[in-house]
J.: 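My structure is below; once you've seen it, I'll send some questions.
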2 protein chains.
Amino acid sequence: MFGVLSVGPIPTHVAFIMDGNRRYAKKYKLDKCDGHRAGFMNLIAVVSYCFEMGVKYVTAYAFSIDNFKRRPDEVKCLMDLMLEKIDELLKEGSTVDRYGVRLLFIGNLSLLPDNVQSAAEKAMKITACHNKAFLLICIAYTSTDEIAHAIELSCKDKIQEVINEDSGHVTDEGKKEKETKGMDEGGDRDSGDSGSTITTVGEQEDTSTGETRAVTVADLERNMYMAVAPGLDVMIRSSGETRLSNFLLWQTWGSPLYAPRALWPELGLLDLVWAVVKYQRSYSYLQKQMKMS
Amino acid sequence: MFGVLSVGPIPTHVAFIMDGNRRYAKKYKLDKCDGHRAGFMNLIAVVSYCFEMGVKYVTAYAFSIDNFKRRPDEVKCLMDLMLEKIDELLKEGSTVDRYGVRLLFIGNLSLLPDNVQSAAEKAMKITACHNKAFLLICIAYTSTDEIAHAIELSCKDKIQEVINEDSGHVTDEGKKEKETKGMDEGGDRDSGDSGSTITTVGEQEDTSTGETRAVTVADLERNMYMAVAPGLDVMIRSSGETRLSNFLLWQTWGSPLYAPRALWPELGLLDLVWAVVKYQRSYSYLQKQMKMS
């Protein structure tokens with residue numbers, strides 16, 4: 001089956017909204033927590049199919065910032081599951097081991113309980129030298145929070161720029177920005193090519209519109225949590241729902257959304273193959289469109 | 001038919017990605033421009049159905065910033081069509097007149113040719129006192145540009161806040177917003193509850209995460225072009241495609257996307273009714289979910 005698929009283009013980056021764990025639990029009269037457990041187990045299976053197929057980046061929406069509002073016992077169960085599954089993923093013979101997967105936890109990790117945060121950081125450290133495949137687990141994540149965070153980092157970049165340019169005489173704007181910002185948790189984002197042209201200190205030309213802006217679209221892109229991965233090719237949400245639920249809004253701007261009917265724990269290889277076939281059709285249509293225009 | 005629908009909840013705000021005009025032209029061996037003309041005509045029909053059904057806000061993606069990259073003759077044809085249709089919409093007996101529609105042009109209008117920009121501004125002025133229904137036409141729009149623009153305005157707010165504080169003036173949020181937002185074409189942004197708490201000058205607590213940020217999610221929301229309309233309920237993209245193509249990414253975070261197969265000029269009342277029925281089903285599911293959690 002993978003041979004047939006590989007005749008067409010294989011998506012580089014696939015993302016999943018794992019919807020339907022609770023409905024699965026209800027359907028089989030299970031505890032909510034067991035629904036989530038079944039969901040986690042299926043994630044490992046689906047991720048393996050993806051890597052087997054040649055997909056290099058898989059992103060999964062494991063826990064939204066809004067999920068903290070769920071009942072404390074459900075949140076606790078999810079956090080415990082997270083700890084257990086991170087531990088399993090680091091064992092010999094696991095998917096991570098077999099496919100040489102680098103694990104990346106994406107989101108506002110400081111919102112997590114200390115033990116989950118430490119486990120996530122440890123897993124990222126241990127797998128940091130893997131580069132055959134990438135599994136991005138979005139946890140304590142929402143897209144609007146990611147954008148607000150990217151703004152914070154972009155503003156910091158600008159302030160640094162102003163300081164570097166005018167080391168004794170900080171301009172009014174820079175000074176002001178310095179005073180109003182700088183409380184961010186920080187990080188080690190790649191601050192390479194910004195895709196924009198510097199016009200005056202702290203201002204750049206936005207390449208999409210040609211306008212001068214303090215923070216450009218390229219700045220934001222560089223500072224997104226998801227900047228570690230290439231653009232998204234396919235978004236898949238289980239259980240037939242077609243909402244994005246504040247997940248990868250910025251990154252989904254040009255990629256199709258597929259919504260197979262299966263509840264997440266029941267999503268299988270065929271659903272995945274079907275999504276890739278649809279992607280291949282859409283890909284060839286887009287190529288044609290580009291030639292037409 | 002509308003009677004049956006009105007038993008369930010009617011969406012307040014529906015948005016359309018009008019995809020398939022060029023394929024329609026190809027299918028019927030028409031000039032590309034005639035495909036777009038058929039598309040504009042169908043927009044008026046679809047908008048009328050929506051208002052008839054009780055939808056209060058309709059948003060249409062008429063022209064993306066990326067569309068400026070199309071062939072000059074196609075861009076010119078679209079701009080000429082825009083002028084012609086704006087003119088028609090302002091005539092007596094038009095949809096605007098019949099339903100008491102306020103026209104709002106959403107996007108980076110400064111990128112448009114002068115005559116289209118003037119026509120859009122004139123139409124907004126003439127219909128400014130209408131309040132029965134709202135038609136938002138996104139033109140020279142992309143979602144990433146909207147976000148970059150909202151950041152710009154949010155930063156201006158913060159700078160003004162610091163200036164006010166530094167010069168010994170008591171911070172007056174209302175005054176500040178008035179001073180910094182004079183350039184906005186909408187004119188009447190809702191500057192009510194910001195959903196965030198001011199902690200120190202220029203810093204606010206982001207209510208979604210409890211963190212202190214210079215620019216919060218609530219600041220961005222207040223400064224979006226689309227802040228003139230309530231949250232989106234349904235996104236409909238014609239021609240079966242499920243991509244958002246950089247349209248209302250921020251606003252689509254929780255609303256479903258429907259993708260009927262019809263090319264835009266052929267999208268009819270039944271497609272619309274079907275989308276509303278699906279919305280009603282999804283609505284009742286979401287209500288149940290809220291009760292469950």
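The analysis underlying the following values was restricted to heavy atoms, covering all of them including side chains, and did not include hydrogens, waters or symmetry mates. Letters A, B, ... mirror the listed sequences (proteins, then strands); counts begin at 1. Since the model is a prediction, treat every value here as computed from it, not as a measurement.
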J.: State the CZ-CG distance between B:Arg237 and B:Asp19, to the nearest 0.5 angstrom.
T.: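 Between atom CZ of B:Arg237 and atom CG of B:Asp19 there are 4.0 Å.
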
J.: Non-hydrogen atoms of chain A under 4.5 Å away: do they reach the side chain of B:Ser110, the backbone, both or neither?
T.: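 The side chain, not the backbone.
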
J.: Classify the ring geometry between B:Tyr61 and B:Phe247 as parallel (under 30°), tilted (30 to 60°) or perpendicular (over 60°).
T.: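 Rings of B:Tyr61 and B:Phe247: parallel, under 30°.
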
J.: Do the side chains of A:Lys76 and A:Asp73 get close enough for a salt bridge, i.e. N-O under 4.0 angstrom?
T.: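 No, this pair does not count.
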
J.: Below 4.5 Å, heavy-atom pairs only: which of B:Ser143, B:Ser154, B:Gly240, B:Ala148 has the largest tally toward chain A?
T.: B:Ala148

J.: Relative to chain B, which segment of A:Ser255 carries a heavy atom at a distance below 4.5 Å: side chain, backbone, both, or neither?
T.: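 The answer is the backbone of A:Ser255.
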
J.: Can you say whether B:Asn246 sits under 4.5 Å from chain A via the side chain, the backbone, both, or neither, judging by heavy atoms?
T.: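 Both backbone and side chain.
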
J.: Heavy-atom distances under 4.5 Å only: say whether B:Leu257 touches chain A with side chain, backbone, both or neither.
T.: both

J.: Please evaluate residues A:Asp219 and A:Thr216 with respect to the criterion side-chain hydrogen bond (donor to acceptor under 3.5 Å, both in side chains), reporting the C-alpha separation (whole Å), side-chain torsions for both, the decisive distance (0.1 Å), and the verdict.
T.: CA-CA 5 Å; A:Asp219 291 328; A:Thr216 65; 3.1 Å; yes

J.: Are B:Phe16 and B:Trp264 close enough that their ring centers fall under 6.0 Å?
T.: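 Ring centres of B:Trp264 and B:Phe16 closer than 6.0 Å.
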
